[in-house]
Amino acid sequence: MSETGRSPGSVLIIGAGPSGTAAAIELCRAGHQVTIVDKATFPRDKCCGDGLTSGALRHLDHLGVHPSSVASWKPVTDVRITRPSGAEMHFPLPRGPGQFAATATRMDLDAALVDQAIAAGADVRQGVTFEGIELYDDRAVVTTDDGVTTADWVIAADGMWSPTRKALGLAPDGYRGEWHAFRQYFSNVSERAANELFVWFEPEILPGYVWCFPLPDGRANVGFGVLRSTHRTQEMAGLWRDLLTRPHIAEIIGANAEPEGTHKAWPIPARVGELPLTAHRLFFVGDATGACDPMTGEGIGQALQTGMGAAQAIIEAASPAEAASLYEASTDAELAVDMRFASTLGNVLKTRVGAEWSLRTAGMTGWTSRNFARWLFEDYPRAVLGTPGRWRKDLFTQPGAYS
Ligand SMILES: Cc1cc2nc3c(=O)[nH]c(=O)nc-3n(C[C@H](O)[C@H](O)[C@H](O)COP(=O)(O)OP(=O)(O)OC[C@H]3O[C@@H](n4cnc5c(N)ncnc54)[C@H](O)[C@@H]3O)c2cc1C
C-alpha cells in the first residue's frame, strides 16, 4: 500500500463500541475499505449509566442511528438534582424541537451502531480478539486469534484498558482511570424513577454522585461514581449498600424495585491529551485515549466524536504525519479545551460548599434552571464558556437532535 491516504485505503478498527463504529461509518461513507474486529458478539452489555447527552444525540443523528432502531430508547425531559444538603431541584430540558437527552441500554445502542456500520459497508468480525500489532512505514500488521491482517491505517477503539496501547508499550504504568463507577439495573421501579432522571450529590462522595436513569418498561439504571483520587475501590461495595438504603434514594427507586442480576463496576478514563492519541498510522479513540468528561464521567458522546475525528483525519490527510496532526488538532479544538474547563468546574463540586453554591446558583430563576439542565447535557454551551471564540447566536435556542 502507498504512503498517501488520499485514495481510499484499508482501515482496521479494533473495538466495535461507539468510538469504533462511529469511525467505521464515516470511513465507509467516504469510500474506505473498513474491517472491525471485536472480541465480543453483539448484542453485548457494557457497564455504563446509559445516559445520552445532546452532544451524543447529535452525533448519533449524524451517523444515521435512529431512536426507532434502539428498543430501549427513552427520551428524557426532566432532570432532578439533589444538593448535598438534601434539597431536590428540578431542571427541565427544553420541550423540543428535537431531543436534548435520552437513555438507551448499551446492549441495544451498541448493537444498533454495529448494524449501522454493517449497513454502511464495514466488515464486522465479532468474537475476534486482538493479539498484537506491528507498525511499518507503509502499513500496519495486526494479529488476532483469527489470523493476520494488513491495513493502511489502524484505529484503536478498544476501551479503557486498550490492549493495542499495551501491545505498543504505550500504557502508563499503573494507570486505572480517573473515576470508578458501579452500575445495577432494577426492574419494577417507582413511577418517578421510570420517567425522570435523578442525580444525588451525596456529601461523602463529592464530586462523585449517585444516579438513577429511567428506561422503558419500568426499569432504571442505578449507579454511582467516585474519583479514584478521593476513594479506594475497596470501599465501594460498602458505600453502594449504604447509598441504596438512604431513604431519599430508596424512596425514588421504589419499595417494589427488584435488582436484575448483580452490579458491575468499571473504571472511567478522563485524561484526553495526556494518553497517546496517535502512533504513526494508528489512532486511539474514545476510552482508549481517555476521552471521558472529567466532571461527569460521560464518554459516549466523546467516543463518537473522537471516532469521527480520527476517520476525518484519515479521509483528508496525504500522509500519516498529516493525519496525526489533523486528529490532534481536532481533538484539542473540540474536546481538550472543554475537558480543561470541565475539570475546573469539577474542582468546585469537590466540596460541599462549592456543590451547594453552584447548584443553588443554577436554580435561581426559571431561565437558569432550564439552561443549567441544557448546559449539563449539551456539551456545546459548556464549551463556549471556556472558549468564547466559539460563541454562536443560537447558543441557547439551537434545536435538539432528530428535530
Ligand atoms: C459505570 C459507568 C457508567 C457510565 N455512564 C455513562 C453515561 O451515562 N453516559 C456516557 O456518555 N458515558 C458513560 N460512561 C462512559 C462510557 O461507557 C464510555 O466512555 C464508552 O463506552 C466509551 O466507548 P468506546 O467505544 O471508547 O469503548 P467501549 O464501549 O468500551 O468499547 C470497546 C470495545 O473494544 C472491544 N475490545 C476490547 N479489547 C479487545 C480485544 N483484545 N480485541 C477485540 N476487541 C476488544 C470490547 O469488546 C468493546 O466492545 C460510563 C462508564 C461507566 C464505567
Side-chain angles (χ1 to χ4, degrees), residues 12-24 35-57 59-60 76 101-107 109-111 113-114 124-133 142-146 155-167 177-185 197 199 208-213 215 221-226 236 240 263-270 272 284-293 296-307 310 376-377 379:
L12 180 73
I13 301 175
I14 302 153
S19 58
T21 47
T35 304
I36 315 184
V37 296
D38 198 298
K39 65 180 181 183
T41 303
F42 290 77
R44 63 102 178 86
D45 184 30
K46 153 80 178 82
C47 179
C48 186
D50 301 337
L52 298 169
T53 59
S54 312
L57 296 179
H59 296 321
L60 290 169
V76 171
T103 56
T105 66
R106 292 294 299 278
M107 188 82 102
L109 179 71
D110 291 17
L113 276 159
V114 166
V124 182
R125 301 188 190 164
Q126 307 186 34
V128 174
T129 302
F130 163 88
E131 288 180 342
I133 181 163
V142 172
T143 309
T144 68
D145 61 359
D146 194 36
I155 294 181
D158 47 358
M160 159 69 207
W161 298 112
S162 183
T164 315
R165 187 173 67 211
K166 206 169 166 195
E178 277 61 33
W179 289 80
H180 202 76
F182 260 55
R183 179 217 69 185
Q184 168 86 67
Y185 285 117
L197 187 148
V199 170
Y209 57 89
V210 184
W211 73 77
C212 178
F213 288 178
L215 287 167
N221 178 323
V222 184
F224 82 110
V226 290
M236 286 187 73
W240 175 236
H263 61 251
K264 287 188 177 176
W266 197 251
I268 299 182
V272 75
F284 294 98
V285 295
D287 278 14
T289 194
C292 293
D293 187 297
T296 63
E298 289 150 350
I300 300 171
Q302 292 85 340
L304 297 168
Q305 183 163 345
T306 47
L376 262 188
F377 285 90
D379 313 325

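Bear in mind the structure is a predicted one, so any value in this text is a computation, not a measurement. Both ligands and their constituent atoms are indexed starting at 1 by order of listing.
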(request) Using side-chain contact (heavy atoms from CB on, under 4.5 Å) as the criterion, point out the one residue from Asp38, Val37, Val114, Ile36 that pairs with Gln126. (result) Val114

Decide whether the shortest distance between a heavy atom of [X] and an atom of ligand 1 is less than 4.0 Å.
X      : value
Phe213 : yes
Ala56  : no
Arg44  : yes
Arg106 : yes
Gly223 : no

Which residue and atom name correspond to the protein heavy atom nearest [atom], and how close is it?
atom                    : answer
atom 52 (C) of ligand 1 : Cys47 O, 3.4 Å
atom 25 (O) of ligand 1 : Ser19 OG, 2.8 Å
atom 13 (C) of ligand 1 : Cys48 SG, 3.5 Å

For ligand 1, is any non-hydrogen atom under 4.0 Å from [X]'s backbone (N, CA, C, O), its side chain (CB onward), both, or neither?
X      : answer
Lys46  : side chain
Asp38  : both
Ala291 : neither
Pro163 : side chain
Cys292 : side chain
Ala181 : both

Mind checking whether [X] has an N or O less than 3.5 Å away from an N or O of ligand 1?
X      : answer
Arg183 : no
Gly49  : yes
Gly15  : no
Ala16  : no
Thr129 : no
Trp211 : no
Phe182 : no

(request) Identify which of Leu52, Asp45, Asp287 has a heavy atom lying nearest to atom 18 (C) of ligand 1. (result)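 Answer by nearest heavy atom: Asp287.
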
(message) Counting only heavy atoms, tell me which of Asp158, Leu109, Val128 gets closest to atom 37 (C) of ligand 1.
(response)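 That would be Asp158.
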
(message) When you compare the side chain of Glu131 with that of Asp145, does any pair of heavy atoms fall below 4.5 Å?
(response) yes

(message) Tell me whether Arg183 is salt-bridged to Asp45, with the criterion being a basic N under 4.0 Å from an acidic carboxylate O.
(response) yes

(message) Strictly below 4.0 Å, N to O, side chains only: are Asp50 and Arg106 in salt-bridge contact?
(response)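 Result for this pair is no, no salt bridge flagged.
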
(message) Using only atom types and a distance under 3.5 Å, with no angle test, would you say the side chain of Asn221 pairs donor to acceptor with the backbone of Cys48?
(response) yes

(message) Donor-acceptor pair, distance only, cut-off 3.5 Å: does the side chain of Tyr209 make one with the backbone of Thr296?
(response) yes

(request) Anything under 30° is parallel, anything over 60° is perpendicular, the rest tilted; go ahead and classify His263 against Trp240. (result)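 Taking Trp240 first and then His263, their aromatic rings stand perpendicular (interplane angle over 60°).
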
